[in-house]
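Each chain gets a letter, A, B and so on, in the order its sequence line appears, and its residues count up from 1. The figures here come from the full heavy-atom set of this structure, side chains too, leaving out hydrogens, waters and symmetry mates.
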Protein chains: 2
Amino acid sequence: MSDRKEFRDLADPERARETVASLNLSTGSERIPLEDARGRVLAERVDATLDVPGFDRAAMDGYAVRAPDTYGADDSPVALPVVGSVHAGETPGLSLDAGEAAEISTGAVMPEGADAVVIVERTEEVAGSEVDGDSPSDRGVRVETAVTPGENVMLAGADIAAGERALGPGTRLTPREIGLLSALGVDEVPVRAEPRVAIVSTGDELVRPGGDLDHRSGQIYDVNSYAVASAVEEAGGDPVVYPHVGDDMDAMERTLVEAAADCDLVLTSGSTSASAVDVVYRVIEERGELLLHGVAIKPGKPMLVGRIGGEDGPADANPDSGAAYVGLPGYPVSALTIFRTFVAPAIRSAVGLPEPQTARVDGRMAVSERSEEGRRRLLAVGLVEDESGETLVYPVDKGSGATTTLTAADGVVDVPADTNRLAAGDSVTVDLFSPDVRPPTLLGVGEDDPALSGLLDRLDRPRYLARGSRGGLRQLRDGLPDVAVVAGPFDAEQEDVTDAVDLGGWTREWGLVVPDGNPESVDGLGDLVDRDLAFVNRGSESGLRTSLSNALAELAEERGVERRDVTDAISGFDLAARAFESPARSVAAGDADAGLGLRATASKLGLDFVPVGVQSVRVLANPDRTEKASVRELSDCLDDLSDVLDGLDGFESE
Amino acid sequence: MSDRKEFRDLADPERARETVASLNLSTGSERIPLEDARGRVLAERVDATLDVPGFDRAAMDGYAVRAPDTYGADDSPVALPVVGSVHAGETPGLSLDAGEAAEISTGAVMPEGADAVVIVERTEEVAGSEVDGDSPSDRGVRVETAVTPGENVMLAGADIAAGERALGPGTRLTPREIGLLSALGVDEVPVRAEPRVAIVSTGDELVRPGGDLDHRSGQIYDVNSYAVASAVEEAGGDPVVYPHVGDDMDAMERTLVEAAADCDLVLTSGSTSASAVDVVYRVIEERGELLLHGVAIKPGKPMLVGRIGGEDGPADANPDSGAAYVGLPGYPVSALTIFRTFVAPAIRSAVGLPEPQTARVDGRMAVSERSEEGRRRLLAVGLVEDESGETLVYPVDKGSGATTTLTAADGVVDVPADTNRLAAGDSVTVDLFSPDVRPPTLLGVGEDDPALSGLLDRLDRPRYLARGSRGGLRQLRDGLPDVAVVAGPFDAEQEDVTDAVDLGGWTREWGLVVPDGNPESVDGLGDLVDRDLAFVNRGSESGLRTSLSNALAELAEERGVERRDVTDAISGFDLAARAFESPARSVAAGDADAGLGLRATASKLGLDFVPVGVQSVRVLANPDRTEKASVRELSDCLDDLSDVLDGLDGFESE
């Protein structure tokens, strides 16, 4: 296929960035109400058209006076007649002659003749008769301090005066700028318009979240529509999610042309797979222009950049009628990486938002990682603090197709194209996904368990990687996690974790999960061996699998046969599901007669349960991390598990 | 007044924070559509209820095979019959026997019997007849590489499996988490509810922005309603702006009780002024409970904290029916400082948002600053980078009443209660208002000028402090700004700025701005002296004022009188407006017969103009900063002023 060949001539990332930038997503300005303006960017300068305040204004509650009348009052208080009051929001009904005072409240207009305010705390009300000299008033005030002209008065225009440059173009509006605009009486502000960004996921297999899914026909939920839409919003764009389209040329063309007419940028995702790419190619070729195909970066290589014309025809005939176009890969990690690296900066630039401060963390690789040479790589990594407060960095690579690659990672390490290996211990710099990212306080690795899930809810920002008991032990040995969670028997010496600290644990009842009512009358493991029952197992990393293997070894011994004779006789013994509920769900779905699992899972899913044994689940701390705050907190939580175990059938404190 | 005395027993800031925290604004959880969930915080754990993917899935385009059939293909390619195709989103219509291949696209269900995918790039289509051995197919594929079992296949549940803990409570939802929730088919998420926050500005003098203002009766625009509302939004709350209320007890009570019934937190602003505080006191006393009055912090001392009961009576009788209450000071700087320091953390805690990373910058004080002892102070400061890249810190204190105090500042220096002076050169740490704050690239100080405003629009993030030509010269001498802008004559030796570098400038025609048609037939400065005309001047910091003074000195000399005789004869000579348009606006408003100003201003406002002279405006660079990028950029802009001066009557390049 000729189009595939073009991937061999990949653009370097800098050229890809320039190509996307050349699309120019700026869409001019719009006027919006001040109350909606937070976070937006001024499109033009705002000058003050009035003085703020518009009049000389009392800055404190007290008495308006002529300053010279108070001179000497610190030593010898002066009593002045009070000729009236001025409140905020009213026209002064008086003017002040020498030797007079007027009560005044904060914000009130200074009466004519007055040039200072004595704060009320430095005065005392007196009768008019106590006032020195002839008093025309029946009220008086004793002033106990001298003031200078202008004291406690905010002069007209002192905040900002007519004609002054208030805010420049490109200013991002925070509550502070909104305050200034309010003071100027502005209730509508000219801001940079948000580009409208169409999001079109492609693929016949996609189902919108919330819809019904048919696994058998390969349906999956559409991950990119909402994920990319929220990323567009975060970058300052206005996302418009279109219904997803399949490989039908007419439907694709209709949707893309409609989106291009209505939006400033059209993003497709999944459009770079072989099945969709031909269709997208044809639409872009007939209706626009392809500027770039493929970028030398991992993940994200098969990115497309171009323009799609409006209804009037090809973009080059009438460039203004078209929209910019970027084809994102279908895999979520690739799609979000390409979006973050190339598209988000173009949207921010269009709306005038600065590039966010990249928060960086220095650390050292906890394990080694190989990279393909010749392609720059943005390696998703997680962070954990070791005992000395140093940051350990570990790759989180479940593949570009895995959404958990992103939620289990804190940022990326930018691995240059000519680096083919990062060794354990190498110093690396991690670009956090955003300055808001808080690396987890606790890193755990090991067995999947419902009690553990509840336990983790009590901690602040824990991260748990469900890699099975074997995975937990292996990584604990390598010194990466704070804790490992191990279910079932293990040999600490053989696993080389003798110095791990056992923080506590619980037991759980395991066995065979069978359909409600146990229609096959399954009685125990022997039935799996002797009868033609469809079984679903767990993987060899799982502690459940270890306990099952041990039990089958015993069974073999009882029967005087080889262990392999027993396991070979079980239909589905090698069919290993990844998580503790999966076998039970296969049973619930009618796909299997029995699944390896927990009594608690059978209860939860309304299935029957054939008990086989009870296994211990232990939380083992990395010996160097026992003093880490989160490990101590976890240890405290383990002291009283009653709440966590409540409602979990077959679970007991140990 | 007894309540004022309570201010003498100020709470320390820590107690104030605890008191606000004790109000507990948490309002439970709500379920919202996934598409609205960005930035929200999960209220409860989300576990996977299905395996993702739900089936073994081809991870690449290519051919599904049994891995052992490809062993050795790297050395000697293997040709296999192609028994059919499987596309994404369809149920495989075939199963694979040993020695067979099936075309497969990314995302498709692996057919039964297949355990690996050979990527299309490592294959070649061949005719069925070229296939080794007996081929039941008319299509074939030559496989050029060996694959291992599972290669290029994403196993069911490999992303996340049923029962796994997907996201913990308290997780903030970014595009990455929204991707994972999409993959799980979740279209509605349980998130912490946003507290509803009522905002009630108090003061008879307030007018909502956009409304008409009557300066004479002391009206001002309501700054706090929109500024605080946007700050509430920023902290994660849901602001509800109520109409402002005056000092009327009934109206205040009605509004506060209504707000308390409808919202979780009621904020008033301006409620701490003497006129409003009595009323607020009475409402809180009758309908709730006052917990704190006054905090030892500047700005913001007169903060109130309490509860307001619902319609059922006092809060203590029925605590659940009430709302939390915080009275913010009326001055915008104080209101936003109190909000940021005490209220925002409580809102964030209620919605589960982490405290934002405080971005900090170390610098040294450029000037000294005195503080009142005994009260901790959050001193608003601006930043400028000096020639060596060091950060200079200068106080921006136009008073708590000035909205420009906040827009001209980048953050605050936290000055402890026992520090009464920061000396020039002292090291200080600045807490930026947010990590997004970018200190200005250029700091200018000096004369206000319309051409300068246009010039600044061409720079990225400049800051200009309109302090008049005298202010500019003084600060340039002290080494603070990058440039000073000086209008009118000055003596560089006397001003001690002989080493300043003149980057360029322009001239502007100045004189008397008079009403349209010049009804008083003003002919020149002599008329101001000889006739009873109401004049509005500029302040003595202004270069316009310098040129006027010089012209009046000449006039006095011509007339053989003292300069003072001339100025004393001008009615309003001491009436100094703060900015260059203000005198003209007084003329336009009918408040004056003539104002000191520019021809450009007269043209802009549709007034007449009596020319007196032409003055030069010079941009002087700090001699140590001429190599700073922004100064060079400004210097380049000064080389061609034609666009900037275009449309400004009486302005010329120089």
Side-chain angles (χ1 to χ4, degrees), chain A residues 34-35 38 45 54-55 61 88-89 91 105-109 154 157 159-165 169 175-180 182-183 185 187 204-205 209-210 215-218 221 223 226-227 230-231 273-275 332 357 401-404 406-407 435 453 457 466 578-582 585, chain B residues 34-35 38 45 51 54-55 61 88-89 91 105-109 154 157 159-165 169 175-176 178-180 182-183 185 187 204-205 209-210 215-218 221 223 226-227 230-231 273-275 332 357 401-404 406-407 435 453 457 466 578-582 585:
Chain A
L34 183 64
E35 53 199 299
R38 185 178 70 87
R45 185 176 80 225
F55 50 91
D61 292 329
T91 310
S105 56
T106 303
V109 180
M154 188 172 188
D159 187 351
I160 188 165
E164 260 192 78
R165 185 179 193 269
R176 301 185 296 285
E177 285 75 26
I178 287 172
L180 173 54
S182 295
D187 64 341
D204 287 316
E205 75 276 28
H215 285 317
R216 282 178 186 74
S217 68
Y221 285 113
V223 169
Y226 291 147
S230 68
S273 71
S275 48
Q357 299 276 32
T403 54
T404 47
L406 289 173
T407 54
S453 290
D457 288 353
R578 228 184 69 69
F580 70 91
E581 275 187 19
S582 305
R585 286 187 182 264
Chain B
L34 182 64
E35 52 198 300
R38 186 178 69 87
R45 186 177 80 225
D51 289 347
F55 50 91
D61 292 329
T91 310
S105 56
T106 304
V109 179
M154 189 172 189
D159 187 352
I160 188 165
E164 262 192 76
R165 186 179 191 268
R176 300 185 297 285
I178 287 172
L180 173 54
S182 295
D187 64 341
D204 286 316
E205 74 276 28
H215 285 319
R216 283 178 186 74
S217 67
Y221 285 114
V223 169
Y226 291 147
S230 67
S273 72
S275 48
Q357 299 276 31
T403 54
T404 47
L406 288 174
T407 53
S453 290
D457 289 352
R578 228 184 67 71
F580 71 91
E581 275 188 20
S582 305
R585 286 186 183 264

Exercise. A/L34, A/I178, A/I160, A/V223: which one forms the most heavy-atom pairs within less than 4.5 Å of chain B?
Worked result: A/V223
Problem set entry | Atom group of A/A183 that falls short of 4.5 Å from chain B, counting heavy atoms | both
Exercise. For A/T91, what residues pass the side-chain hydrogen bond (donor to acceptor under 3.5 Å, both in side chains) criterion, not counting sequence neighbours?
Worked result: none
Exercise. What do the steps show when you test B/L180 against A/T404 for side chain to side chain contact (heavy atoms under 4.5 Å, CB included), and what is the final call?
Worked result: CA-CA 6 Å; B/L180 173 54; A/T404 47; 3.8 Å; yes
For this session: For residues B/S182 and A/Y226, report the shortest heavy-atom separation together with the two atoms involved.
Result: OG-CB, 3.8 Å
Exercise. Based on non-hydrogen pairs under 4.5 Å, which of B/A108, B/P169, B/P332 is most in contact with chain A?
Worked result: B/P169
Exercise. Who among B/R216, B/R176, B/E205, B/E581 has the most heavy-atom pairs with chain A under 4.5 Å?
Worked result: B/R176
Problem set entry | Among the listed options B/G210, B/G157, B/A162, the residue most often paired with chain A at heavy-atom distances under 4.5 Å | B/A162
Problem set entry | Listed partners of A/R45 passing salt bridge (Lys or Arg N to Asp or Glu O under 4.0 Å), at least two apart | A/D47, B/D457
Seminar exercise, completed: Per-residue tally against chain B (heavy atom, under 4.5 Å) across A/L406, A/D204, A/V109, A/T403 peaks at A/T403
For this session: Return the option, out of A/A579, A/S453, A/G54, with the maximum number of heavy-atom pairs under 4.5 Å with chain B.
Result: A/S453
For this session: Count the heavy-atom pairs under 4.5 Å between each of A/G185, A/A227, A/G179, A/G107 and chain B, then report the option with the highest count.
Result: A/G185
Exercise. Who among B/A161, B/G163, B/S217 has the most heavy-atom pairs with chain A under 4.5 Å?
Worked result: B/S217
Seminar exercise, completed: One option among B/A402, B/A466, B/G401, B/A231 has the most heavy-atom pairs under 4.5 Å with chain A, and it is B/A402
